[in-house]
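Everything below concerns the one structure shown next.
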Amino acid sequence: MDEYRLELENRIRNLVWTISGDYTLGIKPDVESFLTSRNTSIYDSIKQGAFAKYLDREQLSLYLVKKVFMQAQEAPLLMVSSLCIEEAVKDRLMGEREGIAAIRKKACEEILDEEFNMLTSSNLGMLKAACLRESLDGHIVTTKQNTRWLELLHSLKDTRDTGRVIRVIDELYNQVVEPDFEKKKGGLDKVLAVTLEELKEFSWKDYLSEEMYEENLEVYLERISETMTTLDIREEKEEEPQAKNEEEKKKKKILVVDEEALEKMNLYVQLNYGKTYLSNREEKTVNYQMCRGIHDECSLYFTEGILQNPVKKNYQLEYAKKLKDKNLNEYYDNHRIVKQNIRILTDMLRRALTMHDQQDIVRTDCGMINPSQLWKVGRSRDTKLFLKEIKQDSINFAVDVLIDASGSQRKRQGKVAMQAYTISEALSNLSISHRVMSFCTFWDYTILHRFRDYEDDRKMNGRIFEYMTSANNRDGLAIKAVGAQLATREEEHKILIVLSDGKPYDVVVNRPGNKNPEPYRGEYAVKDTAFEVRKLRQQGISVLGVFAGEEQELLAERRIFGKDFAYIRNITGFSNIVGRYLMRQIED
C-alpha cells in the first residue's frame, strides 16, 4: 500500500505542477481525498494548479488567515473561497485543456451524490449545490436570495484580479455565513489592516493538528493555501477503501516533461534537499561517468542536506528539523540499547582486528641490541646489530554505509537512523575511515545525502539523525556511484554496507522525443541492483545488505545481495548480526 500511496502522491503533485507550470510549488498531496473521492480530488488538484497560475496565492492566503484571526468560521470561509476561485479560473482552464470539462462534470456529480443532504441544510450549502447543478446542465431553480449570491459569484468570471476575488469572498461570507460579521467585527478594511506582528503573536494551535510544529502562523498559512481550492470540504473523511487491484498498481508510470520543466526541477531539488557540494564541472563529470545504460536519462545530486546547506527558509526546512527531532527522540527512548549495540560491535571488531594484527621483528642499525650479533663488532661491516618490532597496519579498511531514504522507509525512519549511527560510532571507536550517505530518487535526480565523510571527526556522526525519507529509490545507480568512489580509496580492504528494504522503485521521467525507458521496478530493478553489487565484488569490494523491511520482500533482498545479507528484525540484535559479517571480512 505504501508503494501505491507514493505513486498517488507523485501523480497528484505532477498534475498540480503541470497545470500551474511551476515545478517549485510546494504541495502536500491529499491521498486520502483521492482514495475516497477520486474525481473531486483530481479536479481540486487541477484547480489548485490553475489558482497558482492565474491568481496571487500568497495574497489570498494571507487575507483568509486575517479573516480567521478576526474570528470568522474557517470551514465556511474556505468553502466560499473555493467557489469564488473556481468561478475565476474554470472557463479559462477548460478553454486551454478540453478534457477538464469532463473531469469537472464528474466531480460535480460525485459531490452532489455524496453530500446532497448535507448541502441542503444551510444557506452556504444551498449556494454550493446551486453552483454544482448549474455546472451540470446550465439551469437552476433556486431562491431569489441564492440568485443574487450567484450573480455576485459570476461577477468573478475570468478575473485575474486577486483583490477583486478577495472582495467578493468577503462580501459573500458576510452575507451568506455571518450576516452580522461586519457589524460586530469590522469590514474588509479592518480585516486587511491586521498586521503580521498581530498574526505572529496569535496562537494558531487550535487550528493545527498535534503533528504540526512550532512555526504556527507559517504552517497555518500553508494549510490554508492547500485547502482553499477544495470543493470537497467535509468534516470527516470516510475510511480508506481497499487497495486498487494489482493490475492497476502495475501500470507503467512514465512521465514526459519538457526542458524548461527539467530546469525548474533542479531548482526544486535544491529547495528541498539543500545545495550541492559539487562544482558544476564535478557534477557533469560524475553524471557523464555514472548515468549510462538504463540510467541514461538520470542525474546524480550530491548534497549535505537541507539543514546544512539550505537555499532559503521554507516548509521543507522546517519539516527536516521536525524529522531530525523525531529521530533524536526515538534515539533517546532507546539510547541504552543503542549504546550497548555500539559497545558490542566495537568489541567484536576490536577482537577481529587484534587477531588480524601481525608483528614482524627485523634486524636494523638501531633499536634493541641483538646480543647474538655482537661478535661482529670490529670483525664485520654489517651494522645491523639491533632488532626492531614492525607492526602491520591492522586498520587498513575503508567502509561506506549507504542508507535507503525512500518514502517506503518512512515508518522505520528512526530505527534505520539508529542502525547507521551504531555502525558509525563503532567504526569511529576503532578509527576506521568510513563515510555515511543516504539515497532517494526524485524525478530523474538520485539524491545522495552525505552525513559524514571518511576523515571527518566523530562528532559528525550526530548528523546521521538528519536522515529523512521521501520519494523513490533507484538502488542500482546509487550503489554504482558510491561504490565507484569507494574503489578509489587507497585502503587495501573496502566494505560497502547497504541498509535498505529490498524494493528498488522509481518513477520514470523522460524528455520529449526520447525513447521511453522501462519503469524501474520489480524484476527489472532487482536485476540491475544485483548486477551493480556483483560488479563491485568483482573489483574486490565487500558488499553487505542489511535488510529491515517486510518479510515478503526478503526474496528480492536475497537475489540482490546473495549470501552476504543480514535480516534485522529489531534493533536489539543488530550489532551481533552486522558484527559477525564485519569480523568475517576483517579476518579474511
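In this text the structure is predicted, and so the values were computed from the model without any measurement.
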**OP:** Compare all side-chain heavy atoms of F439 with those of L402 and state whether any distance is below 4.5 angstrom.
**Re:** yes
Subject >> Side-chain touch I337/M418, heavy atoms, less than 4.5 angstrom >> reply: no
Original post:
Tell me, do Y454 and R435 make a side-chain contact under 4.5 Å, heavy atoms counted?
Top reply: yes
Subject >> Separation between NE2 of H335 and CD of E330, rounded to the nearest 0.5 Å >> reply: 14.0 Å
Original post:
Is it the case that more than 12 heavy atoms not belonging to E490 sit under 6.0 Å from its CD atom?
Top reply: no
Original post:
Does a sphere of radius 6.0 Å around NZ in K321 hold more than 12 heavy atoms from other residues, nucleotides or ligands, not counting ones at 6.0 Å or beyond?
Top reply: yes
Subject >> Sidechain-backbone polar pair: Q308 side chain, G305 backbone, donor-acceptor under 3.5 Å >> reply: no
Original post:
Do the side-chain N and O atoms of Q409 and T469 include a donor-acceptor pair separated by under 3.5 angstrom?
Top reply: no
**OP:** Working to the nearest 0.5 Å, report the span between CG of L278 and OG1 of T285.
**Re:** 9.5 Å
Original post:
Going from NE2 on H449 to CD1 on I464, what distance comes out if it is rounded to the nearest 0.5 angstrom?
Top reply: 10.0 Å
Original post:
Does a side-chain heavy-atom distance below 4.5 Å link Y567 with E557?
Top reply: no
Original post:
Taking C-beta and beyond as the side chain, do C291 and L300 meet within less than 4.5 Å on heavy atoms?
Top reply: yes
**OP:** Could I get the full list of side chain to side chain donor-acceptor pair (under 3.5 Å) partners for D333, not counting sequence neighbours?
**Re:** none
Original post:
Stepwise, does the side-chain contact (heavy atoms from CB on, under 4.5 Å) test hold for V498 with D404?
Top reply: CA-CA 8 Å; V498 183; D404 174 2; over 6 Å; no
Original post:
Is it true that the side chains of S500 and D475 contain a donor and an acceptor less than 3.5 Å apart?
Top reply: no
**OP:** Begin from the C-alpha positions of R452 and H434 and carry the test side-chain contact (heavy atoms from CB on, under 4.5 Å) through to its verdict.
**Re:** CA-CA 8 Å; R452 60 153 293 147; H434 67 285; 3.5 Å; yes
**OP:** Check whether the side chains of N472 and Y520 place a donor and an acceptor atom closer than 3.5 Å, and report yes or no.
**Re:** no
Original post:
Which residues pass the side chain to side chain contact (heavy atoms under 4.5 Å, CB included) test with S542, sequence neighbours left out?
Top reply: I495, Y581, Q585
Original post:
Any ion pair linking R350 and D347 (charged N to carboxylate O, less than 4.0 Å)?
Top reply: yes
Compile the donor-acceptor pairs under 3.5 Å between side chains in residues 531-539 and protein atoms, sequence neighbours left out, one pair per line.
residue: R537; atom: NH1; partner: F561; partner atom: O; Å: 3.2
residue: R537; atom: NH2; partner: V543; partner atom: O; Å: 2.7
residue: R537; atom: NH2; partner: F561; partner atom: O; Å: 3.0

**OP:** For the residue pair F451 and S424, establish whether any side-chain heavy-atom pair is separated by less than 4.5 Å.
**Re:** no
Original post:
Would R463 and Y467 count as having a side-chain donor-acceptor pair, cut-off 3.5 Å?
Top reply: no
**OP:** Check whether the side chains of R343 and N429 place a donor and an acceptor atom closer than 3.5 Å, and report yes or no.
**Re:** no
Original post:
So do V311 and K275 actually touch side chain to side chain, heavy atoms under 4.5 Å?
Top reply: yes
**OP:** Measure from the ring center of Y421 to the ring center of Y331 and say whether it is less than 6.0 Å.
**Re:** yes
